[in-house]
Amino acid sequence: MNKLLVFLLCTVIFTACKDDEKTEITEKSSLSINFYAKMGDKSIVLEETIGVLNGNNLRFSKLGFFISDFSLTTNNGANVTDIFDLNHIDFSNNKTLALAEQGVTINNDQIPVGNYTGIKFSFGVNSDFNAQAPSDFAATHPAGNSDLYWNAWESYIFSTTEGRLDTQGDDNFDKLFVWHTGSNDALRIVNLPIDIEISQDEDATIDITLDLETLLLSEDSVNPLEVDQLHTAESLSSMLMVSDLYQRSFSVK
Amino acid sequence: MNPFFKKINFIYLFLGLLFIIICCKKDDESCEPMVDLCDLSSIQFNPTPFDLEIPNHFPNVSNEILESITNEKVSLGRKLFYDPILSRDSTISCSTCHIQSLSFTDGRAKSIGIDGESTPRGSMSLVNLIFFNNGFQWAGEAETLKEQASLPVDNPIELHGDWGEIEQRLALDENYPLDFRKAFGIEKCTDISQDMVVDALASFQSTIISKNTRYDSLKMGLVFFNEQEARGFDKFFDVSPGVIDLECGHCHTDPTFTSNQFLDNGLTSALNFLDFEDLGRGGVTGFEVDNGKFKAPTLRNILLTAPYMHDGRFQTIEQVIDHYNKGGEDSNVKNPLLVPLEMTNQDKEDLIAFLKTLNDRSVLTNPDFSDPF
């Protein structure tokens, strides 16, 4: 009798396993995510006056950030993880309005079809990844770019925000600022609601905007006239504030 | 002359011509082995991978690139690098402007090309090109290492060679067809191509790796810096709180000591992007915002490679440091990292002590990089 029960149990287990394998075969489709750098509703063109900050005309010279650990949340609450590799979203191509309006696009054509209600990613790289250095990667890999690593922190530079201000109103952009964030404490998780169906019929697209008005014009914003250099151990508290502001600066349009 | 002798002379002339024609015919037959000499298919083609030793603290190089570099290509590339055969009149070679004893620069503010004409910029060092990921030359004129090896060859101010003619010269050379057979497996000497030439040149240049500095020894745990070197390192990379940040490490990143980025380092007092005589990167991309930007050069062997900057305007490293100490020229468009530093003499001496740890004399003396002729 016991033998019969064991036999039946095994049969059930094997049958169940076989069913699971069948359900793992899901249809895949393409998802593109476009990132846009804006100041309010204006696309940021590098080295062009984009707005006024504390009465001073403002220009950006360099903008970019690492994103990692991307996941999507399905409408039944499940998470689809690792949908994108580590990426460095680099706005250095924002050299004209047309290029700025194109944004920076990442794509994956292996996203399970379905309905999704949320997107989540890390602004920066997680501590395990951050324990590595550019020498662990090929120079062509985003993490192999020594320009995006800061030896003093032994950390990747999670975000780069560089620009200049005209403090005298004479068209002389005399105040320069360089904000770099990094180190494990600066990692921020960004959660954004979406409502999107990924189907085999057509490629899906999500537009994510980084609005630097939130970074620079919020009540708790750091003032670049007062903190012009953010990449040293002395400026850790300001750097963490900037990281918090960046976390709030993303939205899905 | 006696008509009889005239007749005899004519007969001799006729017989002579006949003899020559017959000989030529025989020669034609014997020419066939000459054609065979161009047929290289019987020679073994067995390329062997080049053992490129890269220390752990350097960036990885993809297997695809490593596998493409063979001993045979490197050996051929080295010969071509030093051989004036690539120039229009066979007077200058790559090595004319990239001199090994000067860390593959030429010690001039602006290099001198084939007819004694000055090039617009100085000669860049060729060390560690294999790790470059963002274009080559001062303004990124070349996207790939092969392109970098190719552009000077037909540049009218540099070697001014004609690729078709170069291919012919190499095909007719006594030794090169065999070298190309060994490196690329060509069947006939006439198969030698521009692409093979630049592939070989790029392969050789890929092997010019600076990895034997005192800084490298420190990274490998073989030495400790003395106090002054350590202070210079600290200030260069802004390691310790409270120490002056000289901002060097942003653009001259470890371990190649170039970020490979194109930057305006404040050499020109510019109100806007149209104020540059030499457009630099902008001349390549066509974007105004790239005007006045040049590639950050490596600092490996920097103390041995004066003069400095793309136009060689600074004769000494002290002049370079003074330039950065004042934050560069007043400019609306210079890199935002260029701010007055207020360095003391001690800071300057510490920085130079650190820069000395980037000297790599092995590059200057390595026989594998030297003239093979």
Side-chain angles (χ1 to χ4, degrees), chain A residues 45-49 57 59-62 64 90 92-96 99-100 132-154 157 160-166 170-180 224 228-229 231-236, chain B residues 54-65 128 130-134 219 233-234 236-243 245 247 249-264 271-273 282 285-291 296 327 330-339:
Chain A
V45 180
L46 296 179
E47 301 295 359
E48 283 189 10
T49 302
N57 279 336
R59 291 177 178 175
F60 289 101
S61 303
K62 193 173 182 183
D90 181 359
S92 60
N93 209 33
N94 283 23
K95 293 170 181 172
T96 64
L99 288 170
Q132 301 174 96
S135 57
D136 295 315
F137 301 90
T140 47
H141 189 280
N145 189 346
S146 61
D147 185 41
L148 304 174
Y149 188 83
W150 189 234
N151 282 48
W153 296 334
E154 293 184 334
I157 298 171
T160 305
T161 317
E162 299 179 8
R164 58 186 98 238
L165 293 155
D166 172 8
D170 58 359
D171 225 19
N172 179 19
F173 284 74
D174 53 329
K175 183 66 181 176
L176 311 175
F177 68 97
V178 175
W179 290 356
H180 295 174
D228 54 0
Q229 298 269 323
H231 60 78
T232 64
E234 293 97 319
S235 52
L236 182 66
Chain B
I54 300 173
N56 287 337
H57 61 284
F58 275 71
N60 289 336
V61 178
S62 74
N63 284 336
E64 188 187 355
I65 292 173
N128 293 340
I130 195 170
F131 304 112
F132 281 23
N133 60 0
N134 191 31
K219 293 287 279 188
F233 170 82
D234 202 345
F236 186 99
F237 282 118
D238 181 34
V239 180
S240 307
V243 170
D245 179 5
E247 313 286 0
H250 296 280
C251 306
H252 300 288
T253 48
D254 165 83
T256 56
F257 287 88
T258 168
S259 63
N260 282 308
Q261 301 300 305
F262 300 96
L263 307 151
D264 175 350
L271 275 175
N272 58 56
F273 287 102
T285 66
F287 291 113
E288 277 182 18
V289 290
D290 289 332
N291 288 354
D330 285 336
S331 168
N332 261 355
V333 295
K334 68 184 177 185
N335 190 288
L337 282 160
L338 292 165
V339 290

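Order of the sequence lines fixes the chain letters, A, B, ..., with proteins taken first and strands second; residue numbering starts at 1 for each chain. Note that these values count all heavy atoms, side chains included, but never hydrogens, waters or copies made by symmetry.
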Undergrad: Does A/S61 reach the side chain of B/P336, with side-chain heavy atoms less than 4.5 Å apart?
TA: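 In short, these two side chains touch, coming nearer than 4.5 Å.
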
Undergrad: What are the two closest non-hydrogen atoms of A/W150 and B/F237, and how far apart are they?
TA: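 Where A/W150 meets B/F237 most closely, the heavy atoms are CZ2-O, 3.4 Å.
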
Undergrad: Heavy-atom distances under 4.5 Å only: say whether A/Q229 touches chain B with side chain, backbone, both or neither.
TA: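 A/Q229 touches chain B through side-chain heavy atoms alone.
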
Undergrad: Between A/H180, A/K62, A/R164, A/E162, which has the largest tally of heavy atom pairs under 4.5 Å with chain B?
TA: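 Among A/H180, A/K62, A/R164, A/E162, the one with the most close pairs to chain B is A/R164.
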
Undergrad: How about CG on B/D330, more than 12 heavy atoms from neighbouring residues, nucleotides or ligands closer than 6.0 Å, or not?
TA: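 Incorrect, the count does not exceed 12.
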
Undergrad: Below 4.5 Å from any heavy atom of chain B, which atoms of A/N172 appear? Answer side chain, backbone, both or neither.
TA: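 Contact with chain B is through both the backbone and side chain of A/N172.
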
Undergrad: Could you tell me if the side chain of B/E288 sits less than 4.5 Å from the side chain of A/E47, heavy atoms only?
TA: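 The answer is no, as the side chains (C-beta and beyond) never meet within the 4.5 Å cut-off.
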
Undergrad: Could I get the full list of side chain to side chain donor-acceptor pair (under 3.5 Å) partners for B/S259, not counting sequence neighbours?
TA: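 Not a single residue meets the side chain to side chain donor-acceptor pair (under 3.5 Å) criterion with B/S259.
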
Undergrad: Checking heavy atoms, do the side chain of A/I157, its backbone, both or neither come under 4.5 Å from chain B?
TA: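 No part of it gets close to chain B.
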
Undergrad: Between A/T96 and chain B, with a heavy-atom cut-off of 4.5 Å, which part of the residue counts as in contact: side chain, backbone, both or neither?
TA: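 Contact with chain B is through the side chain of A/T96 alone.
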
Undergrad: How far does CG of B/D238 sit from NE2 of A/H231, to the nearest 0.5 angstrom?
TA: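 B/D238 atom CG to A/H231 atom NE2 measures 6.0 Å (nearest 0.5 Å).
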
Undergrad: Is the number of heavy atoms from other residues, nucleotides or ligands within 6.0 Å of CD (A/Q132) greater than 12?
TA: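 More than 12 within 6.0 Å, yes.
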
Undergrad: Just distance, no hydrogens or angles: give the donor-acceptor pairs under 3.5 Å from side chains in residues 138-148 of chain A, sequence neighbours left out.
TA:
from: A/H141; atom 1: ND1; to: A/A143; atom 2: N; distance (Å): 2.9
from: A/N145; atom 1: OD1; to: A/D147; atom 2: N; distance (Å): 3.0
from: A/S146; atom 1: OG; to: B/T253; atom 2: OG1; distance (Å): 2.6

Undergrad: Side chain, backbone, both or neither: which part of B/H250 has a heavy atom under 4.5 Å from chain A?
TA: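 Contact with chain A involves both backbone and side-chain atoms of B/H250.
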
Undergrad: What are the two closest heavy atoms between A/D171 and B/N332, and how far apart are they?
TA: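 Residues A/D171 and B/N332, closest heavy atoms: O-ND2, 2.8 Å.
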
Undergrad: Does the side chain to side chain contact (heavy atoms under 4.5 Å, CB included) test come out yes or no for B/F287 and A/L99, once each step is laid out?
TA: CA-CA 11 Å; B/F287 291 113; A/L99 288 170; 3.5 Å; yes

Undergrad: Between B/F273 and chain A, which part of the residue has a heavy atom less than 4.5 Å away: side chain, backbone, both or neither?
TA: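 Contact with chain A is through the side chain of B/F273 alone.
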
Undergrad: Sort B/N56 into side chain, backbone, both or neither according to what part of it lies under 4.5 angstrom from a heavy atom of chain A.
TA: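 For B/N56, the backbone is the part near chain A, not the side chain.
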
Undergrad: Any heavy-atom pair between the side chains of B/V333 and A/F173 that's under 4.5 Å?
TA: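 A side-chain contact is absent here, since even the closest heavy-atom pair is not under 4.5 Å.
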
Undergrad: Do you know which of B/L271, B/T258, B/N133, B/V339 has the most heavy-atom pairs with chain A at a distance under 4.5 angstrom?
TA: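 If we count pairs closer than 4.5 Å to chain A, B/N133 comes out on top.
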
Undergrad: Go through the atoms of A/D166 and report whether side chain, backbone, both or neither lie under 4.5 Å from a heavy atom of chain B.
TA: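 Neither part.
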
Undergrad: For the residue pair B/V289 and A/L46, what are the closest heavy atoms and their distance?
TA: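 Looks like CG1-O, 3.7 Å.
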
Undergrad: Is any side-chain heavy atom of B/V239 closer than 4.5 Å to one of A/N151?
TA: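 A side-chain contact under 4.5 Å is absent here.
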
